[in-house]
Protein chains: 2
Amino acid sequence: MTVLETQGFLPHIAFDSVVFGFSKGKLKILLMEYHDTGWLALPGGFVGKNEDLDEAAKRGLKERTGLDNIYLEQFYTFGNMARFRPEVMQTILAANGFHLDSDHWMLDRFISVSYFALIDFEKVILTPDELSDSIAWYEIENLPNLILDHNAIVRKALQTLKENLERKLIGGNLLPERFTMNELQQVYEAIFGQKLRRTTFQRKMLGLEILERHEKLYTGKSHKAPYLYSFRKV
Amino acid sequence: MTVLETQGFLPHIAFDSVVFGFSKGKLKILLMEYHDTGWLALPGGFVGKNEDLDEAAKRGLKERTGLDNIYLEQFYTFGNMARFRPEVMQTILAANGFHLDSDHWMLDRFISVSYFALIDFEKVILTPDELSDSIAWYEIENLPNLILDHNAIVRKALQTLKENLERKLIGGNLLPERFTMNELQQVYEAIFGQKLRRTTFQRKMLGLEILERHEKLYTGKSHKAPYLYSFRKV
DNA sequence: ACCTATTGTCTCATAATGAGACAATAATAA
DNA sequence: TTATTATTGTCTCATTATGAGACAATAGGT
């Protein structure tokens, strides 16, 4: 099925995903770079005529990252007229050799149902789509300009993530199965954008009784080895 | 512009609104009853081809309640295949004398961008739309069956409202400009679905320094008169 | 055996909350 | 006028949570 195949998709409806990863103490997201234009955008796609909206978002993530069973949460639907800029999509498609009539469905107005995902950075296998040169990680603190309203989408995703972080205890989804308390703290610090007090953080996390303690991790560093933890199942 | 006028609206995209009001100690929402069928549904509508998504929701509310400048928040977009039940819309329209071809846009699949609103119960002037016999208040604790997935939409709206209640301090939007501490507490109790401790609630609210104290309210009851409060502007 | 950086746990001060006591008071009844 | 009643506003005290730091334990290196 090619990207231009029209029968398969609902017109006017797209999805975009803000995929968060964590590496080297930094919170990052995935961005695609389109051919020639150099324009950057969130990974996204269209919804099949017979496909659940959520399934479309999952499928899109699977295609770009190779991952199944991801933490995925819908957070907002963007539908302002200001995001209707047919010349943007036209330029992207032209750079790929497609020259569409101005009444083609892909040049119509779209609303974007937006999701954010939390994934284990190490597990991802990045795969660009047909319109892109590359898909790569970018630090959230230092994002370049993105097409359309995608910078605003990222801001809202990050805001939602912050608001839900404690209540839903989802921070661990950015780490591998087992992690140290320090790694978990770094995730929280990267998301909140501020340093946290080590002892208070540790006491709080242990007090919630959601962590399971495992063996120690000997890193070769000359100091006490930290325990590994995982989130308690069910 | 009639409801069947097709050029004006985006296909496949609808909005629905969960309009919360508070009266006699109960949290209530607005429901429409369709002609003949007796089916109940959330007030909603379609998005103009040149209309912001949020503007469409505001317009819909204005039409049903007569109110402008409402607290309105988008909370989720429902897009499962399970909500695609063309026979439901067909029956509703048939009851109004419209017999559409099965490929008519109103019988297509729709995703619903859903909003919740908080309004002053006393200010509303209810106005049914062309397809409805009535629009009326129903207690949230004792909702009847609604069409499609509208019961699920209400549940999610209430959940979002609960989660945001303290963080955003939006409870006051359900009351008139001036209110007693007891009235405010009743709003919180109705939303959370549980009794709160009077003294703790009062201390907390006053401690937030968002309330302005006005004159006392003499109700004629034989006990100490409570102060009236309003939310501090800016 | 000593040094260093980091970890896990403890203590103490401060802030927030739960639970109730109690005086003030607006209307009514005696 | 005085007593009664229901409710309100404010206090107090116990309990719990959080901020800030002290300190011993320890994995390696010197």
Side-chain angles (χ1 to χ4, degrees), chain A residues 22 24-25 162-169 171-172 175-176 178-232, chain B residues 22 24-25 162-169 171-172 175-176 178-232:
Chain A
F22 180 78
K24 305 212 175 79
K162 282 182 192 174
E163 288 171 357
N164 292 357
L165 189 53
E166 289 133 316
R167 194 159 39 76
K168 293 193 181 172
L169 297 169
L175 292 172
R178 296 193 176 191
F179 48 85
T180 65
M181 192 59 77
N182 188 22
E183 288 171 329
L184 186 60
Q185 184 178 339
Q186 282 183 58
V187 167
Y188 275 71
E189 289 176 340
I191 295 174
F192 284 131
Q194 59 178 337
K195 288 281 171 194
L196 300 175
R197 190 155 283 273
R198 182 182 65 92
T199 53
T200 308
F201 182 82
Q202 178 134 329
R203 176 176 56 189
K204 180 113 179 202
M205 281 297 151
L206 293 177
L208 292 172
E209 309 208 333
I210 51 168
L211 295 181
E212 206 155 345
R213 179 177 282 182
H214 304 285
E215 75 282 5
K216 289 187 173 186
L217 173 70
Y218 296 91
T219 58
K221 301 280 180 59
S222 66
H223 54 72
K224 192 171 178 179
Y227 287 106
L228 285 172
Y229 296 89
S230 66
F231 281 89
R232 188 168 289 169
Chain B
F22 180 78
K24 304 210 175 84
K162 281 182 192 173
E163 288 172 356
N164 293 356
L165 189 54
E166 288 133 315
R167 194 157 41 74
K168 295 193 181 173
L169 297 169
L175 292 171
R178 296 193 176 190
F179 47 84
T180 66
M181 192 61 76
N182 189 22
E183 288 171 328
L184 186 60
Q185 184 177 340
Q186 282 184 57
V187 167
Y188 275 72
E189 288 177 342
I191 294 174
F192 284 131
Q194 59 178 337
K195 286 283 174 195
L196 301 174
R197 188 155 286 273
R198 183 181 64 91
T199 55
T200 307
F201 181 82
Q202 178 134 330
R203 178 176 56 190
K204 179 112 178 200
M205 282 296 151
L206 293 178
L208 293 172
E209 308 209 334
I210 50 167
L211 295 181
E212 206 157 343
R213 180 177 282 182
H214 303 286
E215 75 281 4
K216 289 187 172 186
L217 174 70
Y218 296 93
T219 58
K221 300 280 181 59
S222 66
H223 53 72
K224 194 172 177 179
Y227 287 106
L228 285 171
Y229 296 89
S230 67
F231 281 90
R232 188 167 288 171

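Each chain gets a letter, A, B and so on, in the order the sequences are listed, and its residues count up from 1.
- Side-chain contact between B/Y227 and B/M181: absent, with no pair of heavy atoms (C-beta onward) separated by less than 4.5 Å.
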*Passes salt bridge (Lys or Arg N to Asp or Glu O under 4.0 Å), B/R232 versus B/E209? Steps please.*
CA-CA 8 Å; B/R232 188 167 288 171; B/E209 308 209 334; 5.1 Å; no
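- Separating the NZ atom of A/K204 from the P atom of C/dA15 is a distance of 17 Å, rounded to the nearest angstrom.
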_Trace of the ring-ring contact (aromatic ring centres under 6.0 Å, His included) decision for A/F231 with A/F179_ = CA-CA 9 Å; A/F231 281 89; A/F179 48 85; 5.4 Å; yes
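- Remark: A/N182 is in phosphate contact with C/dT7, judged by side-chain N or O atoms under 4.0 Å from OP1 or OP2.
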Extract from the structure each pairing of a protein N or O with an N or O of nucleotides 24-30 of chain C at less than 3.5 Å, listing the distance.
{"residue": "C/dT25", "atom": "O2", "partner": "B/K224", "partner atom": "N", "Å": "2.9"}
{"residue": "C/dA26", "atom": "OP1", "partner": "B/K216", "partner atom": "NZ", "Å": "3.3"}
{"residue": "C/dA26", "atom": "O4'", "partner": "B/H223", "partner atom": "O", "Å": "2.7"}
{"residue": "C/dA26", "atom": "N3", "partner": "B/S222", "partner atom": "O", "Å": "3.1"}
{"residue": "C/dA26", "atom": "N3", "partner": "B/H223", "partner atom": "N", "Å": "2.7"}
{"residue": "C/dA27", "atom": "O3'", "partner": "B/G220", "partner atom": "O", "Å": "3.3"}

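- If you take CG of B/L206 and P of C/dA16, they are 15 Å apart, rounded to a whole angstrom.
- Rounded to an integer number of Å, the gap from B/Y229 OH to D/dT8 P is 11 Å.
- More than 12 heavy atoms of other shown residues, nucleotides or ligands fall within 6.0 angstrom of atom NZ in A/K168.
- Side-chain to base pairing of A/R198 with D/dG21: no donor and acceptor N or O lie closer than 3.5 Å to each other.
- The nearest whole Å value for the distance from the CD atom in B/Q202 to the C1' atom in C/dG20 is 15 Å.
- In terms of polar N and O atoms assigned as donor or acceptor, the side chain of A/R203 comes within less than 3.5 Å of the base of D/dG19 in a complementary pairing.
- In this structure, the CZ atom of A/F201 is 15 Å from the P atom of C/dT9, given to the nearest Å.
- The shortest distance between side-chain heavy atoms of A/R213 and A/L206 falls below 4.5 Å.
- The CE-C1' distance, from A/M205 to D/dA17, rounds to 15 Å in whole Å.
- Heavy atoms of other residues, nucleotides or ligands lying less than 6.0 angstrom from NZ of B/K221 number 12 at most.
- Across all strands shown, A/T199 has heavy atoms under 4.0 Å from base atoms, whether or not it also approaches the sugar-phosphate.
- Atom-to-atom, OH of A/Y227 to C1' of D/dA27 comes out at 13 Å; the value is rounded to the nearest Å.
- Put simply, the residue from A/R203, A/K204, A/M205 that forms a side-chain contact (heavy atoms from CB on, under 4.5 Å) with A/F201 is A/M205.
- Distance B/R197 CZ to D/dA14 P: 17 Å, rounded to the nearest Å.
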